[in-house]
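One structure is given below, encoded as structure tokens.
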Amino acid sequence: MHRWSQLFIPTLREAPADAEVASHKFLVRSGYIRQLGAGIYSYLFMGQRSILKIIDVVREEMNRIGQEFLLPALNPRELWEQSGRWQVMGENMFRLKDRKGADLCLGMTHEEVMTDIARKELRSYKQLPQIWYQIQNKFRDEPRPKSGLIRVRQFTMKDAYSFDIDEAGLDVSYKKHYETYRRIFDRCGLKYAVVEAHSGAMGGSASHEFMCMTDAGEDIVVSCEKCGYAANLEKATSQLAPARDLPGDGAPEEVHTPGMKTIEEVAKFLGVSPTQKIKTLALMQVEPDKKNPGQVKTRPVIVLLRGDHTLNEAKLTSALDGKEFRPMHEEEIQRVFMSPAGYLGPVKVPALAAGAQQLGSVTQAIILDALPLMLADTALKGRKNLVAGANKENYHLKNVTPLRDFHPTEWVDLRNVAAGEGCPNCGGALVVGRAMEIGHIFKLGYKYSKSMGATVLDKDGKEVMPIMGCYGIGVERILTAAIEQNNDADGFWLPPQIAPFDVVITPTNVKDAAIMGAAEGIAQKLEGAGFSVLLDDRDERAGVKFKDADLVGIPYRINVGKKVTEGMVEVVSRSTRKSEDANIPGIETTFARMVRP
RNA sequence: CGGGGCGUAGCGCAGCCUGGUAGCGCACCUGCCUUGGGCGCAGGGGGUCACAGGUUCAAAUCCUGUCGCCCCGACCA
């Protein structure tokens with residue numbers, strides 16, 4: 001049993017001015033954490049207790065499928081050179097030198113060290129599969145730490161790595177993690193969605209993100225409540241209600257649209273819907289020039305979307321094979337379109353033809369390489385008689401029909417899915433909401449086995465590379481997500497599994513021997529029944545203690561007050577705020593029944 | 001990195017324009033009082049005004065620079 005009067009739980013009436021999100025405010029106010037620097041936090045008694053409870057859950061579930069290691073945070077440069085990530089990680093990696101001048105870094109993740117162990121130790125397929133995990137501090141020099149514990153530079157991660165002999169084996173290891181993660185997050189009482197994520201640069205491999213639905217999150221998730229479909233906005237697709245085309249078979253025809261630049265203005269002026277318009281975006285692809293180091297190579301990219309749609313930049317980046325882009329400058333637009341911005345359209349614009357890149361000589365390839373790319377969103381496919389810019393000041397074109405009047409280099413899905421559109425699986429209305437990533441599982445394939453040279457002998461005595469997976473959980477994010485999902489004006493409540501205490505016992509007057517005696521007795525009995533108990537034995541007014549109890553995340557409170565003379569106390573649930581009287585004799589069984597029905 | 005904001009007591013803030021004494025609420029300490037929702041009264045402690053340089057008889061206040069922190073955009077558990 002813990003006595004509040006002897007603990008350090010520095011609660012605050014007011015939140016620090018720079019805290020924005022609920023979890024940050026309450027973590028500080030409840031005395032869970034204190035800030036040391038940007039994205040660097042100390043966990044005090046209550047915070048650490050909760051983190052340890054979360055780790056207990058994670059460890060218990062992980063131990064069912066894997067083996068716990070603990071790897072050093074301090075890593076030598078050479079290891080990271082071998083995987084190529086000494087360069088790739090760039091500014092995000094904390095780097096330091098030892099006294100001899102050798103380069104070291106603080107681990108951001110541990111594929112390198114795990115693979116190093118694997119390559120030194122694993123010899124035979126008979127040793128596979130292996131699942132190795134650890135719960136350890138990670139260091140990332142984030143460009144912008146924010147929102148309390150949500151985005152920090154040092155944090156606790158459960159990271160796991162699997163080694164299998166073949167893809168079928170990896171599938172099994174991956175599935176084990178998927179299920180384990182579900183159990184962990186369920187036990188932590190979180191509302192979350194599992195979404196398919198970017199398969200990333202490694203190609204072909206599966207990846208799922210576990211996303212907690214909360215406005216404090218930094219990602220946007222599209223989900224269907226009907227069938228359970230969920231996807232990151234960067235990947236989400238939808239069924240669109242069919243758009244009506246304008247009638248007729250006419251050729252493109254200029255119309256005077258004086259001073260009208262926006263989709264809305266033009267649509268209104270011409271009496272058409274934005275869905276009958278083409279939105280033309282002029283972007284410039286930018287990549288490092290291989291021939292002239294330090295220089296950049298640019299290439300215009302024309303993006304066509306339906307008038308009411310918006311561009312998803314991540315989708316475009318994927319369509320450009322990961323290359324970056326920026327809006328075109330005014331003079332670049334002038335050069336490519338021979339038109340002022342605001343009147344751009346796809347007709348008679350030079351662009352690389354579909355499939356043109358594959359054929360032709362080297363000289364042709366160089367010429368083709370400079371032509372603008374024209375990427376059209378699939379929502380425009382099969383449409384006709386659209387309205388688009390005429391590439392001429394104050395004019396638009398009517399009757400623009402794709403594949404007759406212009407020929408995109410490629411049709412791609414580029415648009416943002418919007419709320420209310422049809423679920424791609426079942427047609428149900430899609431919901432768009434913010435979410436925070438709490439876990440990520442990933443089929444790595446052979447990336448590290450290959451770059452770092454890990455091999456084992458297979459059944460036939462042939463040297464083969466083990467296939468890997470990696471799996472991460474942000475421990476602090478479980479805490480922040482739980483707070484974001486469970487708070488009100490007075491504080492927050494955590495599920496008992498991850499709360500620092502199961503119950504706080506609040507004697508209303510510590511100087512009243514009957515009350516205090518009863519409180520002590522109840523605390524003992526509950527401890528005996530396996531609950532973790534915080535006895536608020538401080539000589540404070542009841543109001544102060546109630547306020548603190550409401551603040552600090554403990555799911556249940558037992559008020560011990562005047563009713564002790566009748567042998568009664570009140571059991572209050574923090575989440576529902578419902579209070580129930582209970583007899584003191586047998587309180588441990590009554591409480592157990594209320595808490596674990 | 002680009003853009004914006006803020007650094008005065010543990011927390012929340014005022015003072016700064018118009019230079020001269022550092023102030024308020026909460027928290028903290030002592031005493032009394034009170035004891036079911038941050039109670040009341042009285043007394044008290046605590047500040048190199050982020051740092052450095054400059055202007056001035058005199059700088060929290062004006063000028064310059066540096067650092068730190070927060071927020072908005074490109075990355076991630």
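In what follows, chains are A, B, ... by sequence order, proteins preceding strands, each numbered from 1. Quantities reported herein were computed from a predicted structural model and do not represent experimental measurements. Worth knowing before you read on, the calculation uses all heavy atoms, side chains too, and leaves out hydrogens, waters and symmetry mates.
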Looking at the base of G36(B), is there any donor atom on it, or on the side chain of Arg557(A), that sits under 3.5 Å from an acceptor on the other one? no
Once you apply a heavy-atom cut-off of 4.0 Å, does Gln154(A) come out as touching a base, just sugar-phosphate, or nothing? nothing
Does the ring of Phe546(A) lie flat against the base of G38(B), closer than 5.5 Å centre to centre with planes under 30°? no
For Gly561(A), which contact category applies under a 4.0 Å heavy-atom criterion: base, sugar-phosphate, or nothing? base
Under a 3.5 Å limit on both distances, the Watson-Crick or wobble mate of A58(B) is none
Toward the 5' end of RNA chain B, by each residue's nearest nucleotide, Ala542(A) or Glu313(A): Ala542(A)
Within the structure shown, what part of the strands sits under 4.0 Å from Val21(A) by heavy-atom distance: base, sugar-phosphate, or nothing? nothing
If you look at every strand shown and take non-hydrogen atoms under 4.0 Å, does Pro16(A) touch a base, only sugar-phosphate, or nothing? sugar-phosphate
Donor-acceptor pair under 3.5 Å: do we get one between Arg151(A)'s side chain and the base of C76(B)? yes
Report the distance from atom CD1 of Ile515(A) to atom P of U35(B), rounded to the nearest whole Å. 12 Å
Do Tyr192(A) and Phe185(A) have ring centroids that are under 6.0 Å from one another? yes
Touch check for Lys562(A), heavy atoms < 4.0 angstrom, all strands: base, sugar-phosphate only, or nothing? base
So, Tyr448(A) versus His110(A), ring centres under 6.0 angstrom or not? no
Answer yes or no: side-chain N or O of Asn92(A) and base N or O of C76(B) forming a donor-acceptor pair under 3.5 Å. no
Nearest listed nucleotide, side chain of Arg477(A), among A77(B), C70(B), A74(B): A77(B)
Just to be sure I understand the rule, does Asp159(A) reach a base, reach only the sugar-phosphate, or reach nothing, if contact means heavy atoms closer than 4.0 Å? nothing
Using a heavy-atom cut-off of under 4.0 Å over every strand shown, decide if Ala15(A) touches base, sugar-phosphate, or nothing. sugar-phosphate
Taking a pair as Watson-Crick or G-U wobble with both distances under 3.5 Å, which nucleotide is matched to G53(B)? C63(B)
Expressed as a whole number of Å, how far does the P atom of G15(B) sit from that of G7(B)? 10 Å
For a quick check of understanding: with a heavy-atom distance under 4.0 Å over all strands, which category does Ser147(A) fall into, base, sugar-phosphate or nothing? sugar-phosphate
Assign Pro145(A) to base, sugar-phosphate, or nothing according to its heavy-atom contacts below 4.0 angstrom with the strands shown. sugar-phosphate
Hey, does the side-chain of Arg144(A) have a donor or acceptor N/O within less than 3.5 Å of a partner on the base of C1(B)? no
Return no unless some side-chain N or O of Lys138(A) is found under 4.0 Å from OP1 or OP2 of C76(B). no
Is Arg95(A) positioned over the aromatic face of Trp86(A), cation under 6.0 angstrom from the ring centre and no more than 45 degrees off axis? yes
Below 6.0 angstrom between ring centroids: does that apply to Tyr161(A) and Trp132(A)? no
OP1 or OP2 of C70(B) versus the side-chain N and O atoms of Gln35(A): is any pair under 4.0 Å? yes
Please give the nucleotide sitting opposite C6(B) as a Watson-Crick or G-U wobble pair, both distances under 3.5 Å, or none. G68(B)
Distance between the C1' atoms of A42(B) and G36(B), in whole angstroms? 27 Å
Looking only at atom P, what distance separates G40(B) and G23(B), rounded to whole Å? 24 Å
Of the options G36(B), A77(B), G38(B), whose atoms approach the side-chain atoms of Asp548(A) most closely? G38(B)
Paired with C1(B) by Watson-Crick or G-U wobble geometry, both distances under 3.5 Å: which nucleotide is it? G73(B)
Would you indicate which nucleotide in C69(B), C71(B), C76(B) comes nearest to any side-chain atom of Asp219(A)? C76(B)
Other residues, nucleotides, ligands: >12 heavy atoms within 6.0 Å of Glu331(A) CD: yes
Say you pick atom P in A9(B) and the same atom in G25(B); how far apart are they, in whole Å? 16 Å
Say you pick atom C1' in G46(B) and the same atom in U30(B); how far apart are they, in whole Å? 15 Å
Tell me if a side-chain donor or acceptor on Asp186(A) pairs with a main-chain N or O of Gly189(A) at a distance below 3.5 Å. no
Whole-angstrom distance between G45(B) and C51(B), as gauged at atom P: 24 Å
Of the options G36(B), U35(B), G38(B), whose atoms approach the side-chain atoms of Lys511(A) most closely? U35(B)
Verify whether one side chain among Asp536(A) and Thr506(A) offers a donor that lies under 3.5 Å from an acceptor in the other. no
Check every strand shown and say whether Glu476(A) touches a base, only sugar-phosphate, or nothing at a heavy-atom separation below 4.0 Å. nothing
When you match Lys547(A) and Asp539(A) each to their closest nucleotide on RNA chain B, which lands nearer the 5' end? Asp539(A)
Of the listed nucleotides (C76(B), A27(B), C70(B)), which one gets closest to any side-chain atom of Tyr41(A)? C70(B)
Are Asp159(A) and Gln134(A) close enough that a side-chain donor and a side-chain acceptor fall under 3.5 Å? yes
At under 4.0 Å between heavy atoms, what does Arg34(A) touch on the DNA or RNA strands: base, sugar-phosphate, or nothing? nothing
Counting any heavy atom closer than 4.0 Å, what does Asp512(A) reach on the DNA or RNA strands: base, sugar-phosphate only, or nothing? nothing
With no angle test and no hydrogens, is the base of G25(B) tied to the side chain of Glu14(A) by a donor-acceptor pair under 3.5 Å? yes
From G37(B), G38(B), G36(B), pick the nucleotide closest to the side chain of Asp550(A)? G37(B)
Whole-angstrom distance between C32(B) and G38(B), as gauged at atom P: 24 Å
Pairwise P distance for A74(B) and A14(B), with rounding to whole Å: 32 Å
Could you tell me whether Glu20(A) contacts a base, only the sugar-phosphate backbone, or nothing, with contacts defined as non-hydrogen atoms closer than 4.0 Å? sugar-phosphate
Give the intermediate values and the outcome of side chain to side chain donor-acceptor pair (under 3.5 Å) for residues Lys158(A) and Tyr181(A). CA-CA 11 Å; Lys158(A) 187 291 299 173; Tyr181(A) 276 33; 2.6 Å; yes
With the side chain of Arg13(A) defined as its heavy atoms from C-beta on, choose the nearest nucleotide among G73(B), C39(B), G37(B). C39(B)
Candidates C72(B), G37(B), G12(B) - which lies nearest the side chain of Ala17(A): G12(B)
Identity of whatever pairs with C28(B) - Watson-Crick or G-U, under 3.5 angstrom: G44(B)
